[in-house]
Amino acid sequence: MPAARSARRYWLVKSEPDSFSFHDLLAAKGRTTCWDGVRNYQARNTMRDDMKKGDLVFFYHSSTDPAAIVGIAEVTREAYPDHTALDPADSHFDPKSKAESPTWWMVDLKAVTTLAQPITLAQLRGVKGLEKMVLLQKGSRLSVQPVSGKEWEIITLL
DNA sequence: GCCAACGTTGGC
DNA sequence: GCCAACGTTGGC
């Protein structure tokens with residue numbers, strides 16, 4: 001038997017809906033996609049080291065009006081190498097990444113729930129208890145980020 | 001479209 | 001190791 005897993009953790013991923021929307025995730029095979037193309041080390045570390053199968057993820061639409069959390073997804077596969085970094089034809093190609101020692105990693109995400117009503121960024125900014133949420137920090141642009149258990153509870157109860 | 005904030009790169 | 005220059009993110 002594997003050791004008892006630690007408590008489920010919570011995350012938030014950003015996507016520009018013009019590139020890949022929550023609707024696109026719902027339409028994907030198995031409602032699942034690999035979260036490729038992340039090229040930020042902090043976000044990479046989160047995916048490679050911290051996101052575990054069964055963790056839940058807010059799916060956030062950025063650079064759109066209004067920016068908002070639109071759905072919930074689940075981690076269904078833990079970190080594996082991001083193949084797009086090794087493909088010269090891919091826009092996310094990174095010549096410094098090697099197959100034998102990948103620089104970039106990704107997880108699989110599966111759509112779980114569409115929010116009946118998107119929760120907008122402006123709305124989140126007014127919610128007590130979310131003052132320290134990474135998403136709401138000035139200048140925050142991390143595309144894969146942690147959400148505390150308390151923050152998750154507050155938001156899902158809105 | 002603007003631009004502030006941020007991460008990365010590269011010269012020194 | 002510093003830091004200016006650059007490219008990107010993402011709200012507005």
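Convention: sequence-line order gives letters A, B, ...; per-chain numbering from 1. Every heavy atom of this structure was used, including side-chain atoms; hydrogens, water molecules and symmetry mates were not.
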May I ask whether A:V75 and A:V112 are part of the same hydrophobic cluster, defined by side-chain heavy atoms of I, L, V, M, F, W, Y residues being less than 4.5 angstrom apart, directly or through others?
no
Please list, by residue number, the residues of residues 127-142 of chain A whose heavy atoms come closer than 4.0 Å to an atom of DNA chain B; answer none if no residue qualifies.
A:K138, A:G139, A:R141
Extract all donor-acceptor atom pairs below 3.5 Å that involve side chains of residues 61-71 of chain A and protein atoms in other chains or at least two apart in sequence.
residue : atom : partner : partner atom : Å
A:H61   : NE2  : A:F22   : N            : 3.0

Should we say atom CD of A:Q137 is surrounded by more than 12 heavy atoms from elsewhere, each under 6.0 Å from it?
yes
Distance test, side-chain N/O of A:Y60 to OP1/OP2 of C:dG11, below 4.0 Å:
yes
Rounded to whole Å, the CG-P distance (A:N40 to C:dT9) equals 10 Å
Among the clusters formed by ILVMFWY side chains lying less than 4.5 Å apart, do A:W105 and A:L142 turn up in the same one?
no
Can you pull out how bent the helix from B:dG1-C:dC12 to B:dC12-C:dG1 is, comparing the axes over its first five and last five pairs, to 10°?
10°
What residues form a ring-ring contact (aromatic ring centres under 6.0 Å, His included) with A:Y41, not counting sequence neighbours?
A:W104
Residues A:D24 and A:S21: side-chain donor-acceptor under 3.5 angstrom:
yes
Check the distance between C:dC12's P and A:L124's CG and give it to me in whole angstrom.
12 Å
Strictly by salt bridge (Lys or Arg N to Asp or Glu O under 4.0 Å), give each pair with a member in residues 27-43 of chain A just once, sequence neighbours left out.
A:R39-A:D82
Among residues at least two apart in sequence or on other chains, which ones pass ring-ring contact (aromatic ring centres under 6.0 Å, His included) with A:W152?
A:Y10, A:F58
Between atom CD in A:E16 and atom P in C:dT8, what is the gap in whole Å?
12 Å
Can a side chain N or O of A:K14 be found less than 4.0 Å away from OP1 or OP2 on C:dT9?
no
What is the distance from CZ of A:R125 to C1' of C:dG11, rounded to the nearest Å?
8 Å
Ignoring the backbone of A:K96, work out which of C:dG11, B:dG7, B:dT9 is nearest its side chain.
B:dT9
Rounded to the nearest Å, what distance is computed from the CG atom of residue A:L121 to the C1' atom of nucleotide C:dG11?
7 Å
With a 4.5 Å cut-off on side-chain heavy atoms, are A:I119 and A:I155 touching?
yes
